[in-house]
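Data block below; observations after.
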Protein chains: 2
Amino acid sequence: MEIEYKEKTFFTSKDLALSVIGGRWKIAIIWCLLQQSPLRLSDIQKYLPDVNQRMLIRQLRELEDDKIITRCVYPVVPPKVEYELSEIGLLLEPVVTSICDWGDNFRLFLEENSDEASVE
Amino acid sequence: MEIEYKEKTFFTSKDLALSVIGGRWKIAIIWCLLQQSPLRLSDIQKYLPDVNQRMLIRQLRELEDDKIITRCVYPVVPPKVEYELSEIGLLLEPVVTSICDWGDNFRLFLEENSDEASVE
DNA sequence: AATAATACTGACGTTTTTGTCACTATAAAC
DNA sequence: GTTTATAGTGACAAAAACGTCAGTATTATT
């Protein structure tokens, strides 16, 4: 039942999953690549203006390392690199969708609650 | 379109969602409470032996604060506190399920890949 | 009066994550 | 030969997350 990955042991596939997609910006990156693909680094930066480039690159490297995304370097000048979801990466769509859906619900919940608060 | 929550601004409900459920152990805690509910602190610790108590409590507080879980204190000695998913918390079930499912897939993917590597 | 069980909190240090800044490489265009 | 564009890297600082340890509170039991 145990899963060994990158010198760590996971006891459930959920824990394994979280170790791969749990990074701060990873769901956001995957979301971008589900909207549009392939994307260049500069495109992703436009989608995610709050992430600094250094961080973005680090998260992209980790995703590439885990085979969630592919990175295609074109030998041109100026450089051109395209990122795309891999087959296994594309399977994350239900995860992203369910998070978005819940977020919508939570947002409604917050609005209802703030209404109640202002009534009292 | 913008959402204000806890002195922060979110531009999508996905980002709002991630700010609430993105903590290191939060999905794990929610998973526990989906398996069985209510749970006492000591029960959750049995489910999640790798999380230290301090951390667990911190994550529980945050979830309570965000109204994802409810905390019910019984006035008995020794103390008894029960944690339960709220209505909005229960709606996270699809998120947890999709993560588990993807984890299963990713695990298979890793196994296939390690087979290929050993063949070469 | 000491012990035991449960559910904590405070203080503090370590580790990890994240951010900033300066820098590199490339070839084409000017 | 300087500028331009893209996609980076290295070194370091700052902030956040996390962990450890010791301590608190309660009352019933011994």
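Only this structure's heavy atoms are used, side chains among them; waters, hydrogens and symmetry mates stay out. Letters A, B, ... are given to chains in the order of the sequence lines, protein chains preceding strands, and every chain is numbered from 1.
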Q) Does OP1 or OP2 of D/dT20 have a side-chain N or O of B/Arg54 closer than 4.0 Å? A) no
Q: Find the distance B/Met55:CE to D/dC21:P and express it as a whole number of Å.
A: 17 Å
**Q.** For atom CG of B/Leu56 and atom P of C/dT9, their distance in whole Å
**A.** 12 Å
Q | Nucleotide D/dA7, atom C1' - distance to CG of A/Leu39 in whole Å | A | 15 Å
(Q) Quick check: B/Phe106 with A/Tyr5 (ring centres under 6.0 Å apart)? (A) yes
Q.
What's the closest nucleotide to the side chain of A/Arg61 if the choices are C/dC8, D/dG19, D/dT9?
A. D/dT9
**Q.** Separation of atom CD in B/Gln45 from atom C1' in C/dA5, rounded to whole Å
**A.** 13 Å
Q: Report yes if a side-chain nitrogen or oxygen of A/Tyr74 is closer than 4.0 Å to either non-bridging phosphate oxygen (OP1 or OP2) of C/dT26; otherwise report no.
A: no
Q) Can a salt bridge be assigned to the pair B/Lys14 and A/Asp104 using a cut-off of 4.0 Å between side-chain N and carboxylate O? A) no
**Q.** Separation of A/Asp43 CG from A/Leu48 CG (nearest 0.5 Å)
**A.** 11.0 Å
Q: Could you tell me the separation between the NZ atom of B/Lys80 and the CD atom of B/Glu82, rounded to the nearest 0.5 Å?
A: 5.0 Å
Q: Starting from P on C/dT6, measure out to NZ on B/Lys46 and report it in whole angstrom.
A: 8 Å
Q. Once you round it to whole Å, what is the distance between C1' of D/dC18 and CD of B/Glu62?
A. 12 Å
Q: Round to a whole Å and report the spacing from CH2 of B/Trp25 to C1' of D/dA16.
A: 16 Å
Q: Using a cut-off of strictly less than 4.0 Å, decide whether B/Arg24 has a side-chain nitrogen or oxygen near OP1 or OP2 of C/dT15.
A: no
(Q) Both A/Ile57 and A/Pro79 contact DNA chain D. Which one's nearest nucleotide lies toward the 5' end? (A) A/Pro79
(Q) With a 4.0 Å cutoff (strictly under), does any side-chain N or O of A/Arg58 reach OP1 or OP2 of C/dG19? (A) no
Q: Considering just the side-chain nitrogens and oxygens of A/Ser42, establish if one lies under 4.0 Å of OP1 or OP2 belonging to D/dA5.
A: no
(Q) Just the rounded figure in Å: distance from C1' of C/dG13 to CG of B/Asn52. (A) 14 Å
Q: Using only side-chain N and O atoms of B/Gln53, determine if any of them is under 4.0 Å from OP1 or OP2 of D/dG19.
A: no
Q. CD of B/Glu87: more than 12 outside heavy atoms within 6.0 angstrom?
A. no
